[in-house]
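Here the structure is a predicted model, which means the values were calculated and not measured.
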Amino acid sequence: MRRFVASAVRGIESWAESAGRTLGGDCFVLPMKFNVPALILVAASAMSGAQAAPATLHPPGPAFPEYPSAEALKSACDRGLDTAKTLLKAIEHRPGDARWLMAYDAYSATIEDLSAPITFVSAVHPDKAIRDASEACELRWNDFFSTQGQNEHLYRAAKRARVSDETDRQLRKQLIEGFEDAGVGLASDQRAKAKALNDRIAELGQSFDRNIRDANVRLAFTEAELAGVPEAIWKTAKRDDQGRVLLGLDAPTYFPLVQTATVAATRERMWRAKTNEGGEPNLKLLAEITGLRKQYASLFGAASWDEFVLRRRMALTPGRANAFLDEVKNAVQDRERSELEDLRRLKAEQTGQSLEASRIERWDRDFYAERMRQARFKVDQEAFRQYFPPQESLQFALKLIERLMGVRYQRVEGAKAWHPEVQTYLVSDATTGRSLATLWVDLYPREGKYNHAAVWGLRGGATAQKRASQAALVVNFDRKGLTLDELETLLHELGHSVHGNLSATRYSLQAGTAVQRDFVEAPSQMLEDWVYDKRVLQLFADVCPTCKPVPDALLAQAEAARRYGKGMFFARQHLYASYDLALYGPEPQDPMALWSRMEAATPLGYVAGTMFPAGFSHIAGGYSAGYYGYLWSLVVAMDMRTAFAADKLSPAVGRRYRETVLSQGGQRPPQVLVRNFLGREFNAKAFFDDLKR
Ligand SMILES: [Zn+2]
């Protein structure tokens, strides 16, 4: 449900990330409602400076709701929906007067508290019965929201609501658009159809995700087949009755394996299994979802789902998004070919085959790219794990935000959440000491847990209600430590939680990450770069005096290696984004036929029998007609980064950024926030310059 944001996965083949670069992404689920998360009380002045190590608060701070059993969750779901219906009746009868926006926002905030945590646990709860009950609850909430979206009383009141300033005007506009996009203005039979489509799409989207999450695929390998793979990845894994190691497709297993397994057949099996996640059932679901979205758009007179979606985004039209993607392609295609040629030469060298007989297969690419980084730049991502223990890495990332944004994170010992290993932090303003937000952090993989990296904005803050934001950061790290890529992922995700937690909007409906989706990744993408800065990494010493510092030479090599593979990476991202827009364009498309055609036109071609779209949950869910947003927001992110060019730890620039961008949430369009921060219009120069480097 309006769950929020951002995964990061590694590997060029995977949808989100690669080559040390986090183009992450998970969802908001679309129509639901039109609000999001943030915090209480104004940013005010904030400076970091030297603070004591985070103190422990007693007694424990905000508790996450407990769901002791599936039955208890179902009862809580019943009660929540009953309360919501009562509150809805009350707000329906309120006239659209000067206080209406405030009243509606308070109502929405209560509804958020009733619906967000109870549906979030479907992604993280250790008990499958509870996850299932949570999913069932989510469908009921979806029904509630899709009905509410068409509520004529609320729509009329929103239109009549009096506004006193630009923030009010923006909110009223967003609400009216939200109601209209949910179908309130349609004739009654069309309106019923819109709701039925909306509900059905939500249900199919859930099934799509469940087919991936609960498949629990395990591949069996002999130790010989795992040659080259670090023992840390497989030594403690379960074994089958023949003593073979059983490995899953979770990120901490999959990516290191395809980058390091010297046996090509091992990489191929793993890659095929990953590429076929979701399988035939998901291809059928995606075809159905695509068709239903087209029908939905047509109810509103739009020629396609992408046209319907993009008119509310920075890009405005599919034509503009596609023109941008063309520009990206032109900038990277030669580079991609020459990088692949390098890999082919390396493969020939290392296998002793002739160059003519050597061919880079899809399951070779991450492996040889990693080899190339090691050979050419002497960088081994695995070598970083010893420097970045998981808990200390988290402390480091929090310290960085403290320093830059003028806040404090205090761990709440003993606070319960959905799993004993989840950590609770209170976020406060370093200068005023005011409480701002709660952050939950769930670091390690476990069965049935969402297996990428994402942040859920569970509660949007609002200054008018003195309402603090809440966010949950969910990642899957190896207990032995993080690679530099993974540290980058951590910063990316933390960027989303900070966007929510440091928001200081008047209304919860405009809080934090309630921004246009082709901007929402920008604050996170901006921060990724920080892990390559020596001075930034020195903050590790503050949180872990006994940790060995990363040798300068290793970091410098990683920085150089990072540039390698950019052509392949962006070409792949271009394919994903173009595929998404083509799938949701005006021509009806079979998802698999379209994919095999488009992938076949790339230098490495399409591998028969694979079905990548079956695992591409972004486009089945809330990033449909929105994947291009990762590249689009990267343009904005790289432009914003220029303000930190002289000093990535500048509290003055950090504070200005917090005040002009983060704290403003969706109160103004993104281009206005960025203009206020940079003092000029944003442009794509930094992005395209970087592609050439
Ligand atoms: Zn993200």
Quiz item: So, R311 and D181, do they make that salt bridge, N to O below 4.0 Å?
Solution: yes
Practice problem: Search all heavy atoms of S524 against all heavy atoms of H492 and return the closest pair with its distance. | Solution: OG-O, 2.7 Å
Quiz prompt | Distance-minimising heavy-atom pair for R213 and G448 | solution = CD-O, 3.9 Å
Practice problem: List the atom of L604, the atom of R359, and the distance in Å for their closest heavy-atom pair. | Solution: O-NH2, 3.8 Å
Let me have the donor-acceptor pairs involving side chains of residues 321-334, under 3.5 Å, with sequence neighbours excluded, atom names and distances please.
residue: N322; atom: ND2; partner: P318; partner atom: O; Å: 3.2
residue: N330; atom: ND2; partner: D326; partner atom: O; Å: 3.4

Quiz prompt | side-chain contact (heavy atoms from CB on, under 4.5 Å) between E277 and V217, intermediate numbers included | solution = CA-CA 9 Å; E277 263 189 321; V217 175; 5.6 Å; no
Kindly list each side-chain donor-acceptor pair under 3.5 angstrom involving residues 578-586, sequence neighbours excluded, with atom names and distances?
residue: S578; atom: OG; partner: H574; partner atom: O; Å: 2.7
residue: S578; atom: OG; partner: H574; partner atom: NE2; Å: 3.4
residue: Y579; atom: OH; partner: P591; partner atom: O; Å: 2.8
residue: D580; atom: OD1; partner: A625; partner atom: N; Å: 2.8
residue: D580; atom: OD2; partner: A625; partner atom: N; Å: 3.2
residue: D580; atom: OD2; partner: G626; partner atom: N; Å: 2.9
residue: D580; atom: OD2; partner: Y627; partner atom: N; Å: 2.8
residue: Y584; atom: OH; partner: R293; partner atom: NH1; Å: 2.8
residue: Y584; atom: OH; partner: I619; partner atom: O; Å: 2.7

Practice problem: Output, in order, the C-alpha distance, side-chain angles, deciding distance and verdict of side-chain contact (heavy atoms from CB on, under 4.5 Å) for N198 and N142. | Solution: CA-CA 8 Å; N198 187 349; N142 192 70; 4.0 Å; yes
Self-check item: Proximity of W456 and Y450 rings by center, below 6.0 Å
Solution: yes
Quiz item: Is there a donor-acceptor pair closer than 3.5 Å between any side-chain N or O of Q150 and the backbone N or O of R191?
Solution: yes
Quiz item: Backbone N or O of L691 within a donor-acceptor pair of the K566 side chain at under 3.5 Å?
Solution: no
Quiz item: Where the side chain of D485 meets the backbone of Q381, is there a donor-acceptor pair that is under 3.5 Å apart?
Solution: no
Quiz prompt | Partners meeting side chain to side chain contact (heavy atoms under 4.5 Å, CB included) with T147 (sequence neighbours left out) | solution = D143, K195
Self-check item: Closest contact, heavy atoms only, E599 versus L575
Solution: CG-CD2, 4.2 Å
Quiz prompt | Ion pair check, R337 and E341, cut-off under 4.0 Å | solution = no
Quiz item: Under the 3.5 angstrom rule, does the side chain of S134 hit a backbone N or O of T119 as a donor-acceptor pair?
Solution: yes
Quiz item: With sequence neighbours left out, what residues match F300 under ring pair (Phe, Tyr, Trp, His ring centres under 6.0 Å)?
Solution: Y296, F308
Quiz item: Is E486 reaching over with its side chain to a backbone N or O of T483, donor-acceptor style, under 3.5 angstrom?
Solution: yes
Quiz item: Do D250 and K449 meet the salt-bridge criterion of a basic N to acidic O distance under 4.0 Å?
Solution: no
Quiz prompt | salt bridge (charged side-chain N to carboxylate O under 4.0 Å, His left out) pairs, two or more places apart, involving residues 251-267 | solution = R267-D364
Self-check item: Donor-acceptor pair, side chain of Q573 and main chain of L631, under 3.5 angstrom
Solution: no
Quiz item: Are R362 and F612 in a cation-pi setup, meaning NZ or CZ lies under 6.0 angstrom from the ring centre and within 45 degrees of the ring axis?
Solution: no
Exercise. Run the salt-bridge test on E339 and R335 with the 4.0 Å N-O cut-off and return the result as yes or no.
Key: yes
Quiz item: When you measure from the side chain of E225 to the backbone N and O of T266, does any donor-acceptor pair fall under 3.5 Å?
Solution: no
Quiz item: Which atom names give the shortest non-hydrogen contact between G248 and R218, and what distance separates them?
Solution: CA-NH1, 3.4 Å
Practice problem: Answer yes or no: is there a donor N or O on one side and an acceptor on the other, between the side chain of D478 and the main chain of P252, under 3.5 Å? | Solution: no
Quiz prompt | Validation row: K193, L197 side chains within 4.5 angstrom (heavy atoms) | solution = yes
Practice problem: Determine whether more than 12 heavy atoms belonging to other residues, nucleotides or ligands lie under 6.0 Å from atom CD of E447. | Solution: no
Practice problem: Only counting residues at least two apart or in another chain, list the ones meeting side chain to side chain contact (heavy atoms under 4.5 Å, CB included) with E288. | Solution: R200, L204, L292
Quiz prompt | Distance-minimising heavy-atom pair for W305 and S624 | solution = NE1-OG, 3.1 Å
Quiz prompt | Lys/Arg-Asp/Glu bridge criterion (N-O < 4.0 Å) met for K685, D689 | solution = yes
